[in-house]
**Q** 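What follows is a single structure, and I will ask about it in a moment.
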Amino acid sequence: MIRMQNLSDEYEIRKLNERDIRDVQKICGSNPQFYLYSDADNTEECIAADMRALPPGKEAEDKYYIGFLRDGRLHAVMDLIDGYPDPETAFIGFFMMDAEYSGRGEGSRIVRKVCTALCEEGFQRARLCIDKGNPQSSHFWQKNGFVPVKEADRNGHIVIIADKTLQGE
């Protein structure tokens with residue numbers, strides 16, 4: 001079980017639910033480039049499905065669809081899966097920063113702190129998928145220490161699987 005309170009020193013962290021969909025939609029709408037490369041849509045139905053989506057072999061208690069809030073306002077969203085694809089790995093299914101706060105290093109600080117907290121909880125690696133061809137996502141994740149390891153076909157959509165070895169940061 002991931003201790004959410006350890007994931008940030010700067011933000012309030014809480015699990016998001018369907019009452020938060022419009023706030024998530026606003027953040028996603030502030031990043032239109034993501035949707036040029038993704039097979040996702042910024043609809044209430046798609047976001048609700050993402051909030052419930054689980055990889056094979058995982059249960060609802062393994063999923064942390066969380067918000068990073070400051071002064072009651074959602075600044076970023078992360079979908080984090082405990083122990084996928086193996087017990088030593090935490091999977092970041094989605095991360096989006098409100099574009100209003102982009103370019104200030106906040107997203108990188110969030111990712112660094114999350115990775116540090118995951119390492120302290122005993123995870124050896126973090127894994128995620130980057131939509132193939134998305135230069136903004138590719139640059140962000142590689143700048144934050146994620147290394148592309150292979151391509152995968154996800155229902156006809158090509159993604160780059162990237163890993164980061166977790167060490168005390």
Side-chain angles (χ1 to χ4, degrees), residues 2-17 20-42 46-47 50-51 63-84 88-151 159-169:
I2 296 171
R3 293 173 288 187
M4 290 190 313
Q5 70 273 16
N6 295 340
L7 298 177
S8 179
D9 297 326
E10 297 182 51
Y11 295 93
E12 171 195 346
I13 306 294
R14 71 172 171 82
K15 281 193 173 185
L16 300 176
N17 58 49
D20 299 302
I21 287 175
R22 296 213 177 184
D23 290 333
V24 173
Q25 212 173 6
K26 180 182 174 289
I27 285 177
C28 293
S30 75
N31 291 282
Q33 183 173 355
F34 174 79
Y35 294 97
L36 297 175
Y37 299 94
S38 173
D39 61 345
D41 293 312
N42 188 17
C46 185
I47 292 167
D50 283 348
M51 287 179 165
K63 184 176 182 82
Y64 298 81
Y65 198 94
I66 55 176
F68 294 79
L69 297 95
R70 185 177 289 144
D71 299 324
R73 183 158 184 225
L74 190 62
H75 283 225
V77 177
M78 181 179 281
D79 182 11
L80 187 59
I81 306 294
D82 183 344
Y84 181 79
E88 293 81 30
T89 305
F91 188 84
I92 300 171
F94 180 73
F95 177 69
M96 182 82 61
M97 187 87 198
D98 189 322
E100 182 178 335
Y101 306 105
S102 294
R104 303 178 192 175
E106 288 190 46
S108 292
R109 282 195 307 277
I110 289 172
V111 169
R112 272 194 309 277
K113 179 59 180 167
V114 166
C115 288
T116 298
L118 293 171
C119 181
E120 289 169 356
E121 293 208 22
F123 289 97
Q124 301 297 307
R125 124 189 88 266
R127 173 171 280 188
L128 52 81
C129 295
I130 302 166
D131 295 306
K132 186 173 181 177
N134 185 331
Q136 185 179 31
S137 291
S138 182
H139 173 76
F140 175 80
W141 290 114
Q142 288 184 45
K143 173 179 79 170
N144 283 285
F146 285 80
V147 177
V149 293
K150 64 181 174 180
E151 290 187 8
V159 295
I160 310 297
I161 297 172
D163 287 350
K164 177 176 181 163
T165 300
L166 300 178
Q167 304 165 344
E169 302 209 13

**Q** Only counting residues at least two apart or in another chain, list the ones meeting side-chain contact (heavy atoms from CB on, under 4.5 Å) with D163.
**A** R125, R127, V149, I161
**Q** Tell me every residue that passes ring pair (Phe, Tyr, Trp, His ring centres under 6.0 Å) with F94, counting only those two or more places apart in sequence or in another chain.
**A** F34
**Q** Does M4 reach the side chain of I66, with side-chain heavy atoms less than 4.5 Å apart?
**A** yes
**Q** Which heavy atom of S38 sits nearest to which heavy atom of D131, and what is that distance?
**A** CB-OD2, 3.5 Å
**Q** Would you check if S8 and R109 make a side-chain contact, meaning some heavy-atom pair closer than 4.5 Å?
**A** no
**Q** If you look at every heavy atom in M97 and S30, which pair is closest and at what distance?
**A** O-OG, 4.3 Å
**Q** Could you walk me through whether L74 and D20 satisfy the side-chain contact (heavy atoms from CB on, under 4.5 Å) test, starting with their C-alpha distance in whole Å, then the side-chain angles of each, then the deciding distance to 0.1 Å, before giving a yes or no?
**A** CA-CA 9 Å; L74 190 62; D20 299 302; 5.6 Å; no
**Q** Enter the distance from E120:CD to L166:CG here, rounded to the nearest 0.5 Å.
**A** 10.5 Å
**Q** State, yes or no, whether a side-chain contact exists between Y37 and S137 at a heavy-atom distance under 4.5 Å.
**A** no
**Q** Check whether any side-chain heavy atom of L80 sits under 4.5 Å from a side-chain heavy atom of L7, and report yes or no.
**A** yes
**Q** Are the side chains of P135 and Q33 in touch, meaning some heavy atoms are under 4.5 Å apart?
**A** yes
**Q** Hey, could you give me the CD1/CD distance between I13 and Q5, rounded to the nearest 0.5 Å?
**A** 10.0 Å
**Q** May I ask you to test the I21-M51 pair for a side-chain heavy-atom distance under 4.5 Å?
**A** yes
**Q** In the structure I gave you, are the side-chain heavy atoms of Y101 and I110 within less than 4.5 Å of one another anywhere?
**A** no
**Q** So how far is it from N42 CG to K26 NZ, rounded to the nearest 0.5 Å?
**A** 11.5 Å
**Q** Does the side chain of R70 come within less than 4.5 Å of E106's, by heavy atoms?
**A** yes
**Q** Looking at every heavy atom in both Q167 and C119, which two are closest together, and how far apart are they?
**A** C-SG, 3.6 Å
**Q** Can you name the nearest heavy-atom pair linking I2 to D82, along with the distance?
**A** N-OD2, 3.7 Å
**Q** Rounded to the nearest 0.5 Å, what's the gap from CH2 on W141 to CD1 on I92? Could you check?
**A** 4.5 Å
**Q** Output all residues satisfying side-chain hydrogen bond (donor to acceptor under 3.5 Å, both in side chains) with D23, sequence neighbours left out; order by chain, then residue number.
**A** none
**Q** Go through the steps for V114 and F68 under the test side-chain contact (heavy atoms from CB on, under 4.5 Å), then give the verdict.
**A** CA-CA 11 Å; V114 166; F68 294 79; 4.0 Å; yes
**Q** Of all residues at least two apart in sequence or in a different chain, which pass the side-chain contact (heavy atoms from CB on, under 4.5 Å) check with A162?
**A** L128, I130, F146
**Q** Would you compute the distance between atom OH of Y65 and atom CD1 of I47 and round it to the nearest 0.5 angstrom?
**A** 6.0 Å
**Q** Can you tell me how far SG of C115 sits from NZ of K113, rounded to the nearest 0.5 angstrom?
**A** 11.5 Å
**Q** Tell me every residue that passes salt bridge (charged side-chain N to carboxylate O under 4.0 Å, His left out) with D79, counting only those two or more places apart in sequence or in another chain.
**A** K63
**Q** Could you tell me which residues satisfy side-chain hydrogen bond (donor to acceptor under 3.5 Å, both in side chains) with E100, sequence neighbours excluded, listed by chain and number?
**A** R73
**Q** Considering the options Y84, Y64, F123, which one meets the ring pair (Phe, Tyr, Trp, His ring centres under 6.0 Å) requirement together with F91?
**A** Y84
**Q** Kindly say whether N134 contributes a backbone atom to a donor-acceptor pair with the side chain of S138 at under 3.5 angstrom?
**A** no
